[in-house]
Every structure is written in C-alpha cells, then in structure tokens.
There are 2 protein chains.
Amino acid sequence: MEFKEAKNKFVQTWGALGSQWGINKTMAQIHALLMVSNEAVSMEDIMDELQISRGNASMNLRALMDWGIVYKEYKAGERREFFTAEKDLDELASKIARERSKREIKPALKILKEVSTIEAKDSAEEKHFVDQTTKLYDFVLKADNMLDKMTEFNENWLGRLVLKIMK
Amino acid sequence: MEFKEAKNKFVQTWGALGSQWGINKTMAQIHALLMVSNEAVSMEDIMDELQISRGNASMNLRALMDWGIVYKEYKAGERREFFTAEKDLDELASKIARERSKREIKPALKILKEVSTIEAKDSAEEKHFVDQTTKLYDFVLKADNMLDKMTEFNENWLGRLVLKIMK
DNA sequence: TTAAACTTTCAAAAATAAATGAAACTTTAT
DNA sequence: ATAAAGTTTCATTTATTTTTGAAAGTTTAA
C-alpha cells in the first residue's frame, strides 16, 4: 500500500469508529488527520484533504479544541492559524475520558441517584426498581472512577504489573 | 418523586445515554425497561410503555438478543413470548465489551495494522505516519485487552485491591 | 481607519439513521 | 388441515444529525 492510500484509509476508519461511538464523523476525521501529520495543518488544507466546507471545518475544530485534544498554533510571519492534535495517546485517552465523564456520565449519575432514592412502597415491583437502580448507580460510579484513574493507573508500576498479569 | 415518574425518567435517561454512545435510543430504552422490571415483559407491554410500533420493538428486541443481553422467556400456558434483561451488571458490561470489541475494535485493529506496516520512505511525513499509527495500534490493542479482562479483573482479589488503591 | 485576509455563525439543505405499519411468515391449539 | 395468535420483515415515511455556504464578525498590516 502506498502512503497516500494508507493515510486516507486511516482517516476514513477513524471517522467511522468515531461515529459508532457517538462522535461525529468529521470531527473524528479531522482529529485523525492531525494525529498523523508531522506538522501543524491549516484550515484550508483540512478542508481540502477531507473535502468539507469551511463552516464544517471551523465548527469541528472548535469542538476538538473544546475537548482539549487539538491545539491552535501560530506560525511566525503567517497570519492564518494552524492546528495540531494531542499526540500522546495516554493524554488523549485521559482527556476524552474526562470530557465524556463530565458531559454524559456525571449528569446520568445525578439522575440515577434521584430515581434510586424514591420511597419504595411495599410492592415487589417498586422494591426491584430501587434495588436495581441503586446497583446501577454504584456500578456506573465505579466505572467512572476507573476511567478517571486509567491514565495514572497505566503509568504507575503496580498498574503495569497488573496489566502484565491480565494478559 | 413517584414510582411511575422515576421509572420513566430512568428509561429516558438510559435511552439518551445510549444514543450518545452509538446505541440507538429505542434499543437502550427497551433494555432499561427490562432491567428494572421484576418480571418478564411481553412485546405488547413494551410497545405500550414506550409508545413504539410493533416493528420497532421486534427489531430492537432482536438486536438486544443478538448482543446477548436480553433473553426470551416462555410462560406455561401463554402463547406469546416474554422478555427479560441480563440484570447482573458485571455480566452486562462484559457482554457489551465483548460485542463492541468484536464488531468495531477488532476490524479497526486490522486496518491499523495494515496502514502501520506500509513501507515508509525516507520523508519525515511518512516516518511520522508509520510511527504514530503503530503507537495507536499498540494502544488500542492494549485497551481492547483491558476491556476484555475487565470483568474477571473486577472479580479477582488483586483487582479489588488495586481498585481500592486507585480511589 | 480601512481594507484585505481570515474565521465564525447559523438558517437552510442534505445526508443519515430510526420508526412505522401492513403484508408475509410462523407457531400452536383444536 | 386450518384459523387464530403472535412475530418478523422491509419499503416507505419521519426524525435526527450533519453539512453547507453566505453573511457577519475579527484581526492585522499598512
């Protein structure tokens, strides 16, 4: 396979994977493109490579910067802006985890807490509801904490040891 | 909050969460409904509670069964079928992880392997591409393995210990 | 201060994903 | 064997999400 073909395949695949996980295709594609670029890329070039409109490029770059996984860069003597992606994968995973936790999991936990603490009457149905949502709350909380700690966990010696054992 | 209201809130929230993670809303809602039901539910009742059509209910129940997280149940003396959800959360997480790994991560890994093993010419651009995609391959593989082992990890003593330390 | 170069916004259009519902199919009791 | 009870399928419709593009907004150099 040739470089250009490989690069395109990678960008397409990353885009498809993104949309399967609730991240829009273009956003994932831009990120992919920046990940494998050895230097900062202008919006013009992004538009050109991905065949997307200026507005689309602008909005998704903004979103990526909001997630903290793409940075703006200024080049001396150049008026226009260039973009680079976070390339350290642990850092990337950590930021994505933090962001999704904040945006989705934390609000869901709040609701779970609410619904799991209703006054359960004596019906088996209501008892089961409270029991199950309580378990779910605990589970999601635990999973959220794990996600949160994943990176530092990945980096510490005990984590490495456990990872080895798990393989 | 009253039981009916709480149940509805839970089903809606779970549905919204699902669609943010690439699972369709109805599928997640049906699952939510079954999770908090203390007894098996008929298709008729699901349609009724979620206000969805027969076809929609049927297709999403089928999908949930394909994922292995919803089961058909037959009641003596009843012709129609009833459905229950996997209620053990570790088991649920494990099945979802397995399924998403099989459907999405494994194919993505295959592509990553392909594109990361192209013959990199001497340009810095191509070298960076190969380097970055290789790192990504390793990272995704590691993450996939972790997901795979999460359940048994959660259950074993060392896992529990590490979890405690991580908190 | 102004005009060129560039970026952002957002209403409308296009693309995509999900839901409907009626017909086809299957199962089971008689 | 058959008809009643129930389930599945899938072409069409509907809803949702994403993209476009032109206008508005910014910034900077002269």
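Values reported hereafter were calculated over all heavy atoms of this structure, with side chains retained and with hydrogens, waters and symmetry mates removed. A note on names: the letters A, B, ... follow the listed sequences, proteins ahead of strands, and every chain is numbered from 1.
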* Got a salt bridge between B:R103 and B:E99, using NZ or NE/NH1/NH2 to carboxylate O under 4.0 Å? -> yes
* Atom-pair distance (CD1 on B:I46; P on C:dT20), nearest Å -> 14 Å
* Asked: Which part of the nucleic acid does B:S19 contact within heavy-atom distance under 4.0 Å: base, sugar-phosphate only, or nothing?
  -> nothing
* Asked: Does one hydrophobic cluster hold both A:Y71 and A:I69, with members joined at side-chain heavy-atom distances below 4.5 Å?
  -> no
* **Closest-nucleotide 5' rank along DNA chain C - winner of A:M59 and A:F82** => A:F82
* Closest listed nucleotide, where the reference is the side chain of B:R62 and the choices are C:dT8, D:dT8, D:dG6 -> D:dT8
* **Atom-to-atom span, NZ of A:K75 to P of C:dA5 - whole angstrom** => 19 Å
* To do: Using a cut-off of strictly less than 4.0 Å, decide whether A:S58 has a side-chain nitrogen or oxygen near OP1 or OP2 of C:dT9.
  => no
* How many Å lie between CZ on A:R80 and P on D:dT26, as a whole number? -> 23 Å
* Structure fact -> Between CD of B:Q51 and C1' of C:dT20 the distance, given in whole Å, is 13 Å
* Within the structure shown, what part of the strands sits under 4.0 Å from B:E44 by heavy-atom distance: base, sugar-phosphate, or nothing? -> nothing
* To do: Salt-bridge test for A:K9 and A:E5: reply yes if a basic N is under 4.0 Å from a carboxylate O, no otherwise.
  => no
* Could you please name the option among C:dT20, D:dT19, D:dT8 that lies closest to any side-chain atom of A:K25? => D:dT19
* **d(CE, A:M27; C1', D:dT17) in whole Å** => 14 Å
* Asked: Are A:L50 and A:M59 grouped together when hydrophobic residues (ILVMFWY) are joined by side-chain heavy atoms under 4.5 angstrom apart?
  -> no
* Phosphate oxygens OP1/OP2 of C:dG21: is one of them under 4.0 Å from a side-chain N or O of B:N56? -> no
* d(CE, B:M43; P, C:dG21) in whole Å -> 14 Å
* If you check the B:R54 side chain, which of C:dT7, D:dT8, C:dA19 turns out closest? -> D:dT8
* Round to a whole Å and report the spacing from OH of B:Y74 to C1' of C:dT26. => 11 Å
* Looking only at atom types and distance, does a side-chain atom of A:D131 sit under 3.5 Å from a main-chain N or O of A:K127, one as donor and one as acceptor? -> no
* From C:dA19, D:dT9, D:dT7, pick the nucleotide closest to the side chain of B:N24? -> C:dA19
* Would you say D:dT8 has OP1 or OP2 under 4.0 Å from some side-chain N or O of B:K72? -> yes
* **Residue mapping more 5' on DNA chain C - nearest nucleotide basis, B:G22 or A:L61** => A:L61
* Asked: Could you give the CD1-to-C1' distance, from A:I52 to C:dA14, as a whole number of Å?
  -> 16 Å
